[in-house]
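Structure, as structure tokens:
Below, chains carry the letters A, B, ... as their sequence lines are ordered, and counting in each starts from 1. As a basis for the values below, the full set of heavy atoms in this structure was taken, side chains included, without hydrogen atoms, waters or symmetry mates.
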Number of protein chains: 2
Amino acid sequence: MTDTTVRTGGAPTLHDVAREAGVSLATASRVLNGSTRKVAEAYRERVQAAADRLGYTANLSAQAIARGTSATVALLVADIADPYFGQIASGVAHAADEAGLIVTIAMTERDPQREVALVRALRGQRPRGIVLAASRDTASDADALTAEIASVQSTGGRVVTLGAALPGTRVVAYENEAGARALAGKLTALGYRDAVVLAGPEGLRTSDDRLAGFTAGFADGGGATPRIVRGQISRDAGYEATARLLEEGLGPGTLLFGISDVVAIGAISAIRDAGRAPGSDIAVAGFDDIATGRDVTPGLTTVHLPLEELGAQALRAAVEDDWTPPAPVSLEVLVRDSTPPRQ
Amino acid sequence: MTDTTVRTGGAPTLHDVAREAGVSLATASRVLNGSTRKVAEAYRERVQAAADRLGYTANLSAQAIARGTSATVALLVADIADPYFGQIASGVAHAADEAGLIVTIAMTERDPQREVALVRALRGQRPRGIVLAASRDTASDADALTAEIASVQSTGGRVVTLGAALPGTRVVAYENEAGARALAGKLTALGYRDAVVLAGPEGLRTSDDRLAGFTAGFADGGGATPRIVRGQISRDAGYEATARLLEEGLGPGTLLFGISDVVAIGAISAIRDAGRAPGSDIAVAGFDDIATGRDVTPGLTTVHLPLEELGAQALRAAVEDDWTPPAPVSLEVLVRDSTPPRQ
DNA sequence: CACGCCCGACCGGATCGGAGT
DNA sequence: CACTCCGATCCGGTCGGGCGT
């Protein structure tokens, strides 16, 4: 009865289903994948039954070609093992799932050149959108990146940057500068006057903005101009930088502002490993409110960022036709025990 | 001179390049994408120049169809925001990048039914391989999952499970049971006799194995049979379970074994929040050695897992033709301050 | 006779115009 | 004259066979 031919290689195709059901390709296509046209109930059932019997699943690549648009969104992060990016990715993936889209992920490893190369490679997927979560702005390769971005857009792909705004892209912003300023305000109110900022490399927009906001806020509150130490934005970099600072000598009551929570958490560990007391002796604050911040001791003072929600927003920005820039999410300062009041 | 026709829609196609270079489609294809055949240097240059001028990038979907094999690998995790999965994903992505493959990611959110549905959906990509990092084994839907897996394999896709072995798949294993047993051994040697295991849901293979190993090792070392409390494998679940335990009353010197580090870290926070002392009062141990374990206080005693390396191994298992199961990586117990010697 | 280019069939599916009842 | 199904064409590539030099 049914076709007993040994299937040569791969998965059952629409042709197979059509033959099995005794209908044309076009009809099978219509019942299995949406379409405006109608198909009589009898045919519909026959096709469905055949598809189930064969275990048919549409080949997404073929659909992408035929339809001229793919169901994928690309996400570019610095390192998916970093909780900051992990939470963002989680939000992106969640929203993508709801929209029936597939997420492909790539890591820049904080290398601007890799970022350009990856955007170019990702272009091959003809994604509906690309979410750039790891971007710098004033980088040396900004032009190359801009060019790639333009290419993506010319193929109908949306490009959205999360955090730092990149020219000509949709951007999901949050108020780095205002947040850092508010944080500095609270800290000066708590009595802090001396600070060191553990910043990222110059030109990294997110870092630059937070640095600017913090510096301004700290000055407004009566603090001294903070010293700036630059390094990678990672736990280990924060640890190393802090260890060096402690060797040089750091007075009690000094505040360390890690440009991001991972840096701050590295700093806390370095302080403890040096035999000093994080919080009461050397205070520490961060930015992002990654989940870990609740579990370190003392609890990390930081600026709350709704990371998963930001990821979800970014995805929506990447796929929605009618998208209007939402108001930048406003941030909330969370004072925990890593910055006790100075008496 | 050059064709000034307004490009209708999308990206430049190979046709465009061929026309621009004045060569045939086949020739353009051969120079731009590898091929055994040779093409004269003069043509090669003409084509390259044209491609560069147009900013051509091959359409991966079209290639996938034409070649009959796609350049993607799918990764299934429970939640990418969980550092355990984040580090694994990082390893997978890294290795994929080296192999010139693209990684698509999906989250099961710890729902077995979702897992089945996702594998089915992922099948549409005709991936070269699927890495299942979030799998249970003795689940109710095991049959459905097995069926989906078989389908993937029949289309030439490799399926590899990380951690728990799934029938008929390549598996990257690590010694959950032996590791937990070794951990229990060290802990009894430190003087612990009473333990509570914060385990995952029954049927979750990884959890079951660790539980079995720990129980056996603890008994061997002279400890009492541990009490078992089950919950989700997450920081919050660990926190809640521990808070409840503390309310019921937990004697000093009790050891809490979190089936995974995230659970253990939740436990530490719960102990501290309850006004007790993690480590000296209630000891805590975990499993996985996620990065955060170094930064909590006291440092978390755990079993080291080379998560990124495991991810990389899984990717290789998913794509290599000649793959032989590597020896299961052996694990190392790391005793830190969360389990001080009992006197 | 080799070498190296071009022609054409094909991959899996979407969609439009036409045809059958 | 409605409905609804089918054949043909196209999407963007790959690849083997044929053919000119």
Side-chain angles (χ1 to χ4, degrees), chain A residues 7-48 50-51 54-72 123-127 155-156, chain B residues 7-47 50-51 54-72 123-127 155-157:
Chain A
R7 290 218 30 73
T8 42
T13 73
L14 193 57
H15 293 78
D16 298 329
V17 176
R19 192 185 328 129
E20 171 91 4
V23 303
S24 79
L25 246 175
T27 304
S29 172
R30 295 210 164 89
V31 13
L32 293 178
N33 317 313
S35 170
T36 343
R37 310 244 202 148
K38 298 205 166 178
V39 174
E41 194 54 32
Y43 281 81
R44 175 174 303 281
E45 284 171 12
R46 288 231 311 268
V47 173
Q48 262 306 345
L54 267 42
Y56 171 78
T57 303
N59 183 323
L60 293 184
S61 293
Q63 282 192 325
I65 286 193
R67 296 214 242 248
T69 166
S70 79
T72 63
R123 196 144 68 81
Q125 301 180 44
R126 305 289 185 271
T155 76
Chain B
R7 290 217 32 72
T8 44
T13 73
L14 193 57
H15 293 77
D16 298 328
V17 176
R19 191 184 329 126
E20 171 91 5
V23 303
S24 80
L25 207 51
T27 303
S29 170
R30 298 209 162 93
V31 14
L32 293 177
N33 317 314
S35 168
T36 342
R37 321 259 276 218
K38 299 206 166 176
V39 26
E41 194 54 32
Y43 280 80
R44 177 175 301 282
E45 283 171 12
R46 289 230 311 268
V47 173
L54 266 42
Y56 171 78
T57 303
N59 183 323
L60 293 183
S61 293
Q63 282 193 324
I65 286 193
R67 296 216 242 248
T69 166
S70 79
T72 64
R123 196 143 69 80
Q125 303 181 39
R126 306 287 186 273
T155 76

Euclidean distance, [Y] [atom2] relative to [X] [atom1], rounded to 0.5 Å:
| X | Y | atom1 | atom2 | answer |
| --- | --- | --- | --- | --- |
| Asn59(B) | Thr155(A) | CG | OG1 | 9.5 Å |
| Arg46(A) | Glu20(A) | CZ | CD | 11.0 Å |
| Arg126(A) | Thr69(A) | CZ | OG1 | 11.5 Å |
| Tyr56(B) | His15(B) | OH | NE2 | 10.0 Å |
| Ser24(B) | Arg30(B) | OG | CZ | 7.5 Å |

* To do: Give me the one residue out of Thr27(B), Val23(B), Val39(B), Leu32(B) that meets side chain to side chain contact (heavy atoms under 4.5 Å, CB included) with Arg44(B).
  =>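 Among Thr27(B), Val23(B), Val39(B), Leu32(B), the one that satisfies the side chain to side chain contact (heavy atoms under 4.5 Å, CB included) with Arg44(B) is Val39(B).
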
* Residues within residues 39-47 of chain A bordering DNA chain C, heavy-atom distance below 4.0 Å ->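 By residue number: none to list.
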
Between [X] and [N], does any side-chain N or O lie under 4.0 Å from OP1 or OP2?
| X | N | answer |
| --- | --- | --- |
| Gln63(A) | dG12(C) | no |
| Asn33(A) | dA14(C) | yes |
| Thr27(A) | dC6(D) | yes |

Just how far, in rounded Å, is [atom2] of [N] from [atom1] of [X]?
| X | N | atom1 | atom2 | result |
| --- | --- | --- | --- | --- |
| Lys38(A) | dT15(C) | NZ | P | 18 Å |
| Asp16(A) | dG13(C) | CG | C1' | 12 Å |
| Leu60(B) | dG12(C) | CG | C1' | 17 Å |
| Asn59(A) | dG13(D) | CG | P | 16 Å |
| Arg19(A) | dG13(C) | CZ | C1' | 15 Å |
| Arg30(A) | dG13(C) | CZ | C1' | 12 Å |
| Leu32(A) | dG13(C) | CG | C1' | 11 Å |
| Leu14(A) | dC11(C) | CG | P | 14 Å |

* **4.5 Å side-chain heavy-atom contact, Leu25(B) and Ser29(B)** =>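 In short, these two side chains do not touch, never coming nearer than 4.5 Å.
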
* Are Gln63(B) and Leu60(B) close enough that some pair of their side-chain heavy atoms sits under 4.5 Å apart? ->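 Yes. Closest side-chain heavy atoms under 4.5 Å.
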
* First encountered from the 5' end of DNA chain D, between Thr36(B) and Thr57(B) ->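 Its nearest nucleotide being more 5', the pick is Thr57(B).
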
* Among dT15(C), dG13(D), dC6(C), which is the nearest nucleotide to the side chain of Ser24(B)? ->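 Nearest to the side chain of Ser24(B) among the choices is dC6(C).
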
Find every protein N or O atom lying less than 3.5 Å from an N or O atom of nucleotides 9-11 of chain D, and list the pairs.
none

* Look at all strands and tell whether Ala58(A) reaches a base, only sugar-phosphate, or nothing, counting heavy atoms closer than 4.0 Å. =>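 Result for Ala58(A) = sugar-phosphate.
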
* **Asp16(B) side chain to Thr13(B) backbone, donor-acceptor under 3.5 Å** =>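 Answer holds: yes.
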
